[in-house]
Asker: 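Below is the structure I would like to discuss, written out as structure tokens.
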Amino acid sequence: MNRQEILDSLNPAQASAAGTHEGPVLVLAGAGTGKTRVITYRIACMLADGILPEQILGLTFTNKAAREMRERLAQLVSEREAKAVTLGTFHSFCISILRKYIGKLGFIGGFSVADESDQQGIFKQALGECGCNYEGFPAAKAFAVISNWKNHLHTPESALNAAGNDFEATVAHVYEKYRDLMETQNLIDFDDMLLLVWRLFNEHPEVLELYRERFRYLLVDEYQDTNAAQFALVKMLSGDRCNLCVVGDDDQSIYSWRGADVGNILDFPKIFPGTKVVKLEQNYRSQPAILHAANAIIGTGSRRHDKKLWSAFAEGGKPKMSVLDRDENEASFIADLISARKSERPELKYRDFAVLYRSNQLSRQLEQSLRIAGIPYRLVGGQQFYARREIKDAVAYLKLLCNFRDDQSLLRILTAPPRGIGPKAVTELKRRRAEQHIPMFVSLKDESFISSLSSKAQGELRSMLKAFADAEREFATPGNLTGKAIRFLDAVGYSGGLQKIYKDIKDTEKRRDNVNEFINAVAQFENKRETPPKLEEYLESFALLEENDKVEENTPDDDAVTLSSIHASKGLEYPVVFIIAMERGIFPHERALEENGYEEELRLFYVAVTRAKEELYLTRARTRLNRGMVRPALPSPFLELLNSEVAEAVEAESLVKSADDDAVRRAFEECIKLMNG
């Protein structure tokens with residue numbers, strides 16, 4: 001496609017955004033306005049204008065978004081050009097930089113990415129060494145403070161200077177110890193990826209200049225979700241050239257608890273003078289009646305870029321608000337109404353329905369009612385596959401194989417399966433680490449340590465060490481990761497030792513099936529690669545799995561109602577949406593209101609409403625079970641934003657009854673037709 005063909009495929013606002021390549025551009029993309037389409041067509045237009053694909057960098061927040069962009073781009077340009085454009089998450093981009101240059105920051109050789117359990121183990125050790133592991137010390141709060149400091153580009157030293165009270169000063173010392181322990185094991189965590197690249201660019205400007213010269217055109221998706229570190233990196237990379245296009249919607253900024261700063265998108269034109277602002281307001285998802293409600297909600301926000309969604313679709317029915325006596329009645333009503341709407345509209349499948357809620361615990365009553373009604377459902381936010389113990393154990397073996405300094409992985413696999421290496425031996429390994437400053441894996445191979453074990457433990461340990469040595473040689477050559485992983489997990493005794501860990505035969509079989517599925521994941525990763533990959537590359541992709549990447553949309557073969565928190569539903573859409581528990585203290589959330597978070601809660605409500613394509617139902621209960629007691633529930637103040645012009649109050653019973661009556665009528669008419677031949 002040439003430039004004109006590309007632009008002719010877009011509406012005027014989209015074309016304006018896609019056709020402007022020089023200088024700063026802010027694209028305010030309202031919900032359902034074709035954000036991804038604009039980004040991919042913009043890249044295609046740049047390529048049509050002669051810009052080299054290697055000069056384009058697109059940053060996203062999920063791997064899923066990056067994959068979707070590349071797939072769409074491949075439909076517009078040649079396969080070679082699509083592959084040559086760099087598209088990925090902030091974290092994957094940063095980790096690719098660190099793989100090349102982390103040595104400049106004092107790291108030795110390769111590094112591993114610590115998962116949540118690794119972080120907690122090292123943090124607990126840091127607390128102990130700082131004398132903060134006593135009962136009553138708010139460890140979770142301290143860990144959150146450190147994460148926030150990292151997202152605001154504070155090192156332990158600058159955090160100590162910025163500490164505003166004694167607690168923060170104490171946490172700054174814990175932060176320093178935590179960092180030192182991580183570096184000793186050649187580990188970094190998720191927050192470190194951004195902080196370390198920022199440090200690298202500041203301390204080694206020649207590296208920053210290399211990336212500025214390579215990537216002359218920068219695009220950022222979901223810009224409203226950027227934190228201070230991401231903003232700083234974007235500003236550094238854009239440089240004086242500032243060919244920077246950011247796409248986002250301040251009305252959908254709902255992640256301040258993760259460090260996102262809505263000010264980054266609100267103040268973009270001030271920060272980057274000469275910014276061209278393009279508003280995308282035509283919605284291609286929802287019927288106008290739903291958009292009227294969404295506009296009424298978000299229009300009350302006090303600080304936002306002014307925009308108003310509209311649609312060329314037929315008007316459709318207004319959102320409906322219903323009140324039930326109790327929370328269990330609310331759940332039963334939703335189950336009944338799903339059945340009724342499916343009966344009334346045969347084209348609807350279960351996957352076309354979604355029930356959204358502010359807090360995950362609200363799903364319990366819904367699950368019970370749907371099970372009773374025989375309605376299949378999928379719960380977003382349950383235990384993830386990769387969080388299972390047996391998967392984390394398998395991954396720990398592979399991580400240790402790539403980084404023998406990784407003490408956390410070693411401690412995890414020593415007893416999975418049991419090898420006769422008890423607490424006394426583990427204490428000795430920790431003592432040697434503290435006194436001799438050597439990795440535990442080195443001590444594990446020391447003959448003096450091995451001889452201190454029982455003869456049975458000595459045999460098992462020597463067998464495990466031999467398996468590691470053999471695998472290290474085998475994995476030195478890229479490719480065939482699947483076969484190598486199978487042989488390695490067998491050789492170290494993990495695959496065959498699951499029975500020793502879980503005892504119960506049925507449980508063991510289930511865990512073994514999960515490990516086999518993990519091997520399938522390795523195979524899928526390998527099959528998608530054009531060149532034979534290294535084990536480090538697979539572990540890197542595994543570490544970069546983000547929460548949003550784990551939320552998969554229903555497929556035609558997965559016909560189930562979606563139950564989801566509103567946060568997890570962002571970016572998804574459904575023909576019929578229910579938003580439940582529209583009650584004061586639940587939505588908006590009481591804690592958010594205490595922390596002056598009304599505006600973000602309002603944006604969260606807007607996100608929930610704009611998930612609906614055709615039908616929207618808002619429900620609340622007059623009483624709700626709370627800590628074992630039935631308590632009165634007051635209506636959410638958000639409901640006051642929806643007057644009779646944009647929504648209608650409807651008796652719950654009438655919704656189900658009218659739908660049932662229509663179904664009976666249609667069945668009767670069908671019967672008459674059959675009788676008449």
Asker: Is it the case that R529 and S541 place a side-chain donor and acceptor less than 3.5 Å from each other?
Answerer: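 There is no such pair (donor and acceptor under 3.5 Å, judged by atom type) between the side chains of R529 and S541.
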Asker: For side chain to side chain contact (heavy atoms under 4.5 Å, CB included), just list the numbers for L127 and F137, CA-CA rounded to whole Å, side-chain angles, deciding distance to a tenth of an Å, and then say yes or no.
Answerer: CA-CA 9 Å; L127 289 173; F137 184 82; 3.6 Å; yes
Asker: Sub-3.5 Å donor-acceptor pair from the side chain of R70 to the main-chain atoms of V85, do we have one?
Answerer: yes
Asker: For a quick test of reading the model, state the closest non-hydrogen atom pair linking P478 to P532 and the distance between them.
Answerer: CB-O, 3.4 Å
Asker: Count the heavy atoms belonging to other residues, nucleotides or ligands that lie under 6.0 Å from CD of E116, then report whether that count exceeds 12.
Answerer: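 No - once you tally the heavy atoms of other residues, nucleotides and ligands closer than 6.0 Å, there are 12 at most.
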Asker: Any non-hydrogen side-chain atom of F441 less than 4.5 Å from a side-chain atom of L465?
Answerer: yes
Asker: Looking at A457, is its backbone amide N or carbonyl O close enough to the side chain of E460 to form a donor-acceptor pair, meaning the two atoms are under 3.5 Å apart?
Answerer: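 No.
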Asker: Under 3.5 Å, side chain of D490 to main-chain N/O of S495, donor-acceptor pair present?
Answerer: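 Such a contact is absent between D490 side chain and S495 backbone.
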Asker: Taking all non-hydrogen atoms of both residues, which atom of D393 and which atom of I413 are closest, and how far apart?
Answerer: O-CG2, 3.9 Å
Asker: Walk me through it: do F93 and V197 pass the test side chain to side chain contact (heavy atoms under 4.5 Å, CB included)?
Answerer: CA-CA 10 Å; F93 176 64; V197 171; over 6 Å; no
Asker: Can you establish whether the number of heavy atoms outside K484 located under 6.0 Å from its atom NZ is more than 12?
Answerer: yes
Asker: Is there a donor-acceptor contact under 3.5 Å from the side chain of R405 to the main chain of F111?
Answerer: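 Not a single qualifying donor-acceptor pair exists.
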Asker: Would you name the heavy atoms of L153 and A228 that are closest together and state the gap between them?
Answerer: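 Taking L153 first and A228 second, the nearest heavy atoms are CD1-O, 4.3 Å.
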Asker: Would you name the heavy atoms of T62 and A65 that are closest together and state the gap between them?
Answerer: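 Result for this residue pair: OG1-N, 3.0 Å.
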Asker: What's the spacing between N514 CG and I519 CD1 if we round to 0.5 Å?
Answerer: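 Output value for this atom pair is 12.0 Å.
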Asker: To the nearest 0.5 angstrom, please state how far the CZ atom of R512 sits from the CG atom of D507.
Answerer: 11.0 Å
Asker: Would you mind reporting whether T415 and I421 have side-chain heavy atoms less than 4.5 Å apart?
Answerer: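 SC-SC contact between I421 and T415 ruled out.
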Asker: Do T226 and N264 pair up side chain to side chain, a donor and an acceptor below 3.5 Å, judged on atom types alone?
Answerer: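 Judged by distance alone, the side chains do pair up.
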Asker: Determine whether L410 and L414 make a side-chain contact, defined as any pair of heavy atoms from C-beta on separated by less than 4.5 Å.
Answerer: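 The answer is yes; the side chains approach within 4.5 Å.
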Asker: Measuring from atom CG of L237 to atom CG of L244, what distance do you get when rounded to the nearest 0.5 angstrom?
Answerer: 9.5 Å
Asker: Looking only at non-hydrogen atoms, find the nearest pair between F107 and L187 and report the distance.
Answerer: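 Between these two residues, the closest heavy atoms are CE2-O, 4.1 Å.
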Asker: Is the backbone of D189 close enough, under 3.5 Å, to the side chain of D192 for a donor and an acceptor to pair up by distance?
Answerer: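 Yes.
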Asker: Can you tell me how the ring of W149 sits relative to the ring of Y175, calling it parallel under 30°, perpendicular over 60° and tilted otherwise?
Answerer: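 Parallel: the ring planes of W149 and Y175 meet at under 30°.
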Asker: Pair E71, R67 - check salt bridge (charged side-chain N to carboxylate O under 4.0 Å, His left out), show working.
Answerer: CA-CA 6 Å; E71 288 167 2; R67 285 195 302 270; 5.4 Å; no
Asker: For R199 and L105, which heavy atoms make the closest approach, and how far apart are they?
Answerer: NH2-CD2, 3.7 Å
Asker: Determine whether D446 and R432 make a side-chain contact, defined as any pair of heavy atoms from C-beta on separated by less than 4.5 Å.
Answerer: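 D446 vs R432: side chains touch.
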Asker: Charged N to carboxylate O below 4.0 Å: is that the case for E222 and K35?
Answerer: yes
Asker: Test your reading of the model: is there a side-chain donor-acceptor pair from N403 to the backbone of K399, 3.5 Å cut-off?
Answerer: no
Asker: Short question: side chain of E526, backbone of N480 - any donor-acceptor pair under 3.5 Å?
Answerer: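 Confirmed, E526 side chain pairs with N480 backbone.
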Asker: Taking atom CG of L444 and atom CG of L461, what is their separation to the nearest 0.5 Å?
Answerer: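 Between atom CG of L444 and atom CG of L461 there are 4.5 Å.
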Asker: So for atom CD, which belongs to E447, do other residues, nucleotides or ligands contribute more than 12 heavy atoms lying within a distance under 6.0 Å?
Answerer: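 Enclosed: over 12 neighbouring heavy atoms sit under 6.0 Å from CD of E447.
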Asker: What I'd like to find out is whether the side chain of Q458 reaches to under 4.5 Å of the side chain of R462, using heavy atoms alone.
Answerer: yes
Asker: Take E509 and K506 through the salt bridge (charged side-chain N to carboxylate O under 4.0 Å, His left out) test and state the conclusion after the steps.
Answerer: CA-CA 5 Å; E509 287 303 316; K506 289 185 178 180; over 6 Å; no
Asker: In sequence, state the C-alpha distance, the side-chain angles, and the governing distance for N527 and Q524, and then conclude on side chain to side chain donor-acceptor pair (under 3.5 Å).
Answerer: CA-CA 5 Å; N527 291 338; Q524 288 176 345; over 6 Å; no
Asker: Using the benzene-type ring in the case of Trp, are the ring centres of F468 and F488 under 6.0 Å apart?
Answerer: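 Yes, the ring centres sit under 6.0 Å apart.
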Asker: Test salt bridge (charged side-chain N to carboxylate O under 4.0 Å, His left out) on K534 and E540 and set out the steps.
Answerer: CA-CA 10 Å; K534 296 180 179 179; E540 180 180 302; over 6 Å; no
Asker: Please report the interatomic distance CE(M46) to CG(L219), rounded to the nearest 0.5 Å.
Answerer: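 So the CE of M46 and the CG of L219 are separated by 5.5 Å.
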Asker: Answer whether the closest heavy-atom distance between the side chains of R37 and Y41 falls below 4.5 Å.
Answerer: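 Side chain of R37 against side chain of Y41, heavy atoms only: contact under 4.5 Å found.
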Asker: Can you tell me how the ring of Y255 sits relative to the ring of W257, calling it parallel under 30°, perpendicular over 60° and tilted otherwise?
Answerer: perpendicular
Asker: Are E537 and R99 ion-paired here, with the side-chain N under 4.0 Å from a carboxylate O?
Answerer: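 Answer for the salt bridge query: no.
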Asker: Return the CD to CD1 distance between Q499 and I505, rounded to the nearest 0.5 Å.
Answerer: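 Atom-to-atom, Q499:CD and I505:CD1 are 5.5 Å apart.
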Asker: Applying side chain to side chain contact (heavy atoms under 4.5 Å, CB included), run through D470 and K466 and close with a yes or a no.
Answerer: CA-CA 6 Å; D470 292 343; K466 181 179 184 304; 2.8 Å; yes
Asker: Using side-chain heavy atoms (C-beta onward) and a distance below 4.5 Å, is T60 in contact with T89?
Answerer: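 Touching, per the 4.5 Å side-chain cut-off.
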Asker: Decide yes or no on side chain to side chain contact (heavy atoms under 4.5 Å, CB included) for T36 and M69, but give the supporting numbers first.
Answerer: CA-CA 7 Å; T36 304; M69 285 181 194; 4.0 Å; yes
Asker: Between Q224 and G248, is there a donor-acceptor pair closer than 3.5 Å when you use the side chain of the first and the backbone of the second?
Answerer: no
Asker: Does K430, at its NZ atom, have more than 12 non-hydrogen atoms belonging to other residues, nucleotides or ligands within less than 6.0 Å?
Answerer: no
Asker: Report yes or no: does D118 contribute a side-chain atom to a donor-acceptor pair with the main-chain N or O of Q408 at less than 3.5 Å?
Answerer: no
Asker: Any cation-pi pair here, R412 with Y397, using under 6.0 Å and within 45°?
Answerer: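 No, R412 and Y397 do not form such a contact.
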Asker: So, S565 side chain and A568 main chain: donor-acceptor pair closer than 3.5 Å or not?
Answerer: yes
Asker: Does any non-hydrogen side-chain atom of E129 lie less than 4.5 Å from one of L181?
Answerer: yes
